[in-house]
Amino acid sequence: MNRSASLWPAIAIAWTLACVVLVAASWGDLARLKFPDPDDPMRLMQVRDWLAGQSWWDVSQHRLAAGAMHWSRLVDLPIAAVILATRPLLGQAGAEQAALIVVPLVTLLAILALAAHLTRRLAGSDIARMAVLIVPLSVPILYQTRPLRVDHHGWQVVLALAALLLLAGKPTIRAGMLIGLSLAALITISLEGLPIAATLCGIAALAWAFDPARRASLIAMVWSLFGAALLLQLATRGPGYVAPLCDALTPDWIASLGVAALGTTLATFAGRAPLPVRIGVLAIAGAAAIGWLLFQAPECVAGPFARLDPLTRSLWYEKVSEGLPVWQQYPSWAVMTVGLPIIGIAGAVLALGRCTTEARVRWTLYLAALIPATLIAALVMRAGATANAIAVPGVAWALSAMLTRARAIRSVLPRTAATAAALLIASPGLAAVALLGFPQTQAMRAAQERYAAQGRPACADGTQARAVDQLPPALLFAPIDIAPDIIVATHQRAIASGHHRNMAAMHDVIAAFTGTPEEAHKLIAAHGAQYVVVCPGLNEPELYRESAPNGFWARLERGERFQWLEPVAVHGSPVLVWKLR
């Protein structure tokens, strides 16, 4: 295996081609700021407000009546850097567009480079060059790194890959410290990264149990994780951020990391004990950390969404596809999420049986990370990009083995068919799109057809709600999914977006649109809104109509009128607006 050859020419070529395709495919969306997810305009607004003078410590969105946020400033830094660097030349709007292009594509470059170097560490440079081909064929990775996708998910993939790359290398003190730093940044950005971070920590601890010579690296990792998490907490949240919340890194979580670091350090003094004893003392250390969290913050064990009321849970949380398991997804989405990781597991198992003794340890560590990452992605679809990125080395090994066999076939047609089959197996997500189509929710498709049959216009996406900029500045009572689109491109304000810290306001929005007109009037008036705004045909209002056929929105949508509402004409958009009398 050639391990010395540079991978950067292959990385640069693959990245450049991917950039050209992604920018070309996203050009129309860039021109009108059509974001792939409501979190992206909210992230841009967070950076805008910070650069306009909002405190570094304050990540709330003050254009929303209920705009408390739990996001980390770490993700804002690269976006702000590009805006500040290009604003003198391009102006504010041009600088923002530059950031919306550059930041996701730089994230893609980091994933490409890390996946390629991880593959070289496991299988050599020849197979690593195949890794740079596989990354751009992963739909979940491309979705999280396409232009306009500036939220935190891409950076989670980068940091998880960086930690795994270091874990698969020599167990030095420096490597342990860098692993801890990577994982601290990962969970500081979002506690969504906690399962994969805990997995990698567990793998490092078990690796010590089988090889006590890894003690120094393990201790460096756990204390670096604790120390970096504490420092990042202070740097990004401030010393006053001590609220007992469960959706971000808070003192209770950091204290649990400290208990884990102390317990792991004490456990490593059993380095000369038999293997079962070493594993047992590690289990005690882990149980102590979990026990501390249970004692100090038992409400956090159920997760940040446990406090949602039944209405908000059923009509929001359980309808957000990225948080659902694969068996509740469209078939094509399910294949795109776990197809590549399954191929990666198969490739890693085969590689493990054919590699040298030296490489077997690295492949074992890798497989120990890939299998849990795949299970996490199967349970929560948003983790699919991380699992796909981790799967790349196993898929690259499998692809290399299949292509080697294909090239050995003498007949041209069978050889061509075998080569095509190998490429198809290595890109199950694209194959699923080709065979099953790209998913569109049934509710939205049915709504478009129903509105077309009635000769009425319907919104194709949330950008059409921005026509409310024609109205005088006001507080709008609008569905939560279009609130980010409204505030990012207009001078209007809204009630709430789909972010759980504002669960009371979210409940009011959902309850108003699904309740009786009288209940809706009370809720809308209580918030002081001047207008009611709905973009008909989108998923959220269709969900309200179907769940409450005689509710406020369903009756408005059928054409009923109420004395306390006055229709307002908005030009150039299907968006519907009513003014409170």
Hits for side chain to side chain donor-acceptor pair (under 3.5 Å) against Asp481, two or more places apart or cross-chain, chain-then-number order -> none
Got a donor-acceptor contact below 3.5 angstrom from the Ser224 side chain to the Met177 backbone?
-> yes
For Asp76, the salt bridge (Lys or Arg N to Asp or Glu O under 4.0 Å) test, sequence neighbours excluded, returns Arg43, Arg73
Quick note, ring-ring contact (aromatic ring centres under 6.0 Å, His included) partners involving residues 6-35, not counting sequence neighbours, are Trp8-His117
Distance-only donor-acceptor hits, side chain of residues 386-401, under 3.5 Å, sequence neighbours excluded:
| unit_1 | atom_1 | unit_2 | atom_2 | d |
| --- | --- | --- | --- | --- |
| Asn388 | OD1 | Ser138 | OG | 3.0 |
| Asn388 | ND2 | Thr337 | O | 2.9 |
| Asn388 | ND2 | Gly384 | O | 2.8 |

*Please walk me through it: do Ile482 and Gln464 pass side-chain contact (heavy atoms from CB on, under 4.5 Å)?*
CA-CA 9 Å; Ile482 63 170; Gln464 292 175 293; over 6 Å; no
Hits for salt bridge (Lys or Arg N to Asp or Glu O under 4.0 Å) against Arg360, two or more places apart or cross-chain, chain-then-number order -> none
key: Within-4.5 Å side-chain heavy-atom neighbours: Arg545 and Glu542   = yes
Any carboxylate oxygen within less than 4.0 angstrom of a Lys/Arg side-chain nitrogen, looking at Glu96 and Arg48? yes
CG of Leu538 to CG of Asp461, rounded to nearest 0.5 Å, is 7.5 Å
Here the pair of heavy atoms bringing Thr312 nearest to Met503 is OG1-O, 4.2 Å
Practice task
Spell out, as yes or no, whether a donor-acceptor pair under 3.5 Å connects the side chain of Ser256 to the backbone of Ala289.
Solution key: yes
Checking Arg382 against Val380 for the side-chain contact (heavy atoms from CB on, under 4.5 Å) test, could you report, in this order, the C-alpha distance in whole Å, the side-chain angles of both residues, the deciding distance, and whether it holds? CA-CA 6 Å; Arg382 70 167 64 94; Val380 183; 3.5 Å; yes
Under 3.5 Å donor-acceptor pairs involving side-chain atoms of residues 417-434, not counting sequence neighbours:
| unit_1 | atom_1 | unit_2 | atom_2 | d |
| --- | --- | --- | --- | --- |
| Thr419 | OG1 | Arg415 | O | 2.9 |
| Ser427 | OG | Leu423 | O | 2.8 |

### Task
State whether the side chain of Ser26 and the backbone N or O of Val23 hold a donor-acceptor pair below 3.5 Å, judged by distance alone.
no
In this structure, CG of Leu166 is separated from CD1 of Ile179 (nearest 0.5 Å) by 5.0 Å
For residues Val102 and Thr86, determine if any side-chain heavy atom of one lies less than 4.5 Å from a side-chain heavy atom of the other. no
With sequence neighbours left out, the residues meeting side chain to side chain contact (heavy atoms under 4.5 Å, CB included) with Ser190 are His152, Gln156, Glu192
Rounded to the nearest 0.5 Å, the OG atom of Ser72 sits from the CG atom of Leu191 at a distance of 10.5 Å
Contacts of Cys201 meeting disulfide bond (SG atoms under 2.5 Å apart) (sequence neighbours excluded), chain-then-number -> none
Tightest non-hydrogen contact, residues Cys19 and Leu105, listed as SG-CD1, 3.8 Å
Applying side chain to side chain contact (heavy atoms under 4.5 Å, CB included) to Asp37 and not counting sequence neighbours gives Asp39, Asp40, Tyr143, Arg149, Glu322
ask   = Under 30°, 30 to 60°, or over 60°: which ring-plane class applies to His499 and Trp71, parallel, tilted or perpendicular?
value = perpendicular
Under 3.5 Å, is there a donor-acceptor pair between the side chain of Gln448 and the main chain of Cys459? yes
Nearest heavy-atom contact between Ala160 and Leu200 is O-CD1, 4.0 Å
Residues Ala12 and Thr16: closest non-hydrogen pair is O-OG1, 2.7 Å
> Going by heavy atoms in the side chains, are Leu148 and Lys34 under 4.5 Å from each other?
Replying inline: no
Kindly say whether Leu30 contributes a backbone atom to a donor-acceptor pair with the side chain of Gln97 at under 3.5 angstrom? yes
Correct closest heavy-atom pair for Val150 and Val75 would be O-CG1, 3.8 Å
Distance col, row Lys319:NZ vs Leu324:CG, nearest 0.5 angstrom, shows 9.0 Å
Could you walk me through whether Leu118 and Leu161 satisfy the side-chain contact (heavy atoms from CB on, under 4.5 Å) test, starting with their C-alpha distance in whole Å, then the side-chain angles of each, then the deciding distance to 0.1 Å, before giving a yes or no?
CA-CA 8 Å; Leu118 175 61; Leu161 267 183; 4.2 Å; yes
The ring-ring contact (aromatic ring centres under 6.0 Å, His included) partners of His153 (sequence neighbours excluded) come to none
Is the backbone N or O of Ala489 less than 3.5 Å from a side-chain atom of Arg466, with the two atoms forming a donor-acceptor pair by type?
no
Residue set satisfying salt bridge (Lys or Arg N to Asp or Glu O under 4.0 Å) with Asp29, at least two apart, ordered chain then number -> Arg146
One should read off an interatomic distance between Leu112 CG and Ile134 CD1, to the nearest 0.5 angstrom, of 11.0 Å
Between Gln61 and Gln46, is any pair of side-chain heavy atoms under 4.5 Å apart?
no
Can you tell if the side chain of Met381 reaches within under 4.5 Å of the side chain of Ser321, non-hydrogen atoms only? yes
So do the side chains of Tyr366 and Arg121 get within less than 4.5 Å of each other, counting heavy atoms only? no
Requested in this report: Report yes if the side chains of Asn539 and Leu543 come closer than 4.5 Å at any heavy-atom pair, otherwise no.
Outcome: no
Pair Ile187-Leu225, side-chain contact (heavy atoms from CB on, under 4.5 Å): steps then yes or no = CA-CA 10 Å; Ile187 60 176; Leu225 172 56; 4.3 Å; yes
In this structure, CG of Leu165 is separated from CG of Leu122 (nearest 0.5 Å) by 9.0 Å
Q. Is it the case that more than 12 heavy atoms not belonging to Arg32 sit under 6.0 Å from its CZ atom?
A. yes
Sequence neighbours excluded, the answer for side chain to side chain contact (heavy atoms under 4.5 Å, CB included) partners of Leu367 is Ile345, Ala348, Val349, Leu352, Ile371
Would you check if Ile487 and Leu64 make a side-chain contact, meaning some heavy-atom pair closer than 4.5 Å?
yes
Correct closest heavy-atom pair for Val132 and Pro136 would be O-CD, 3.0 Å
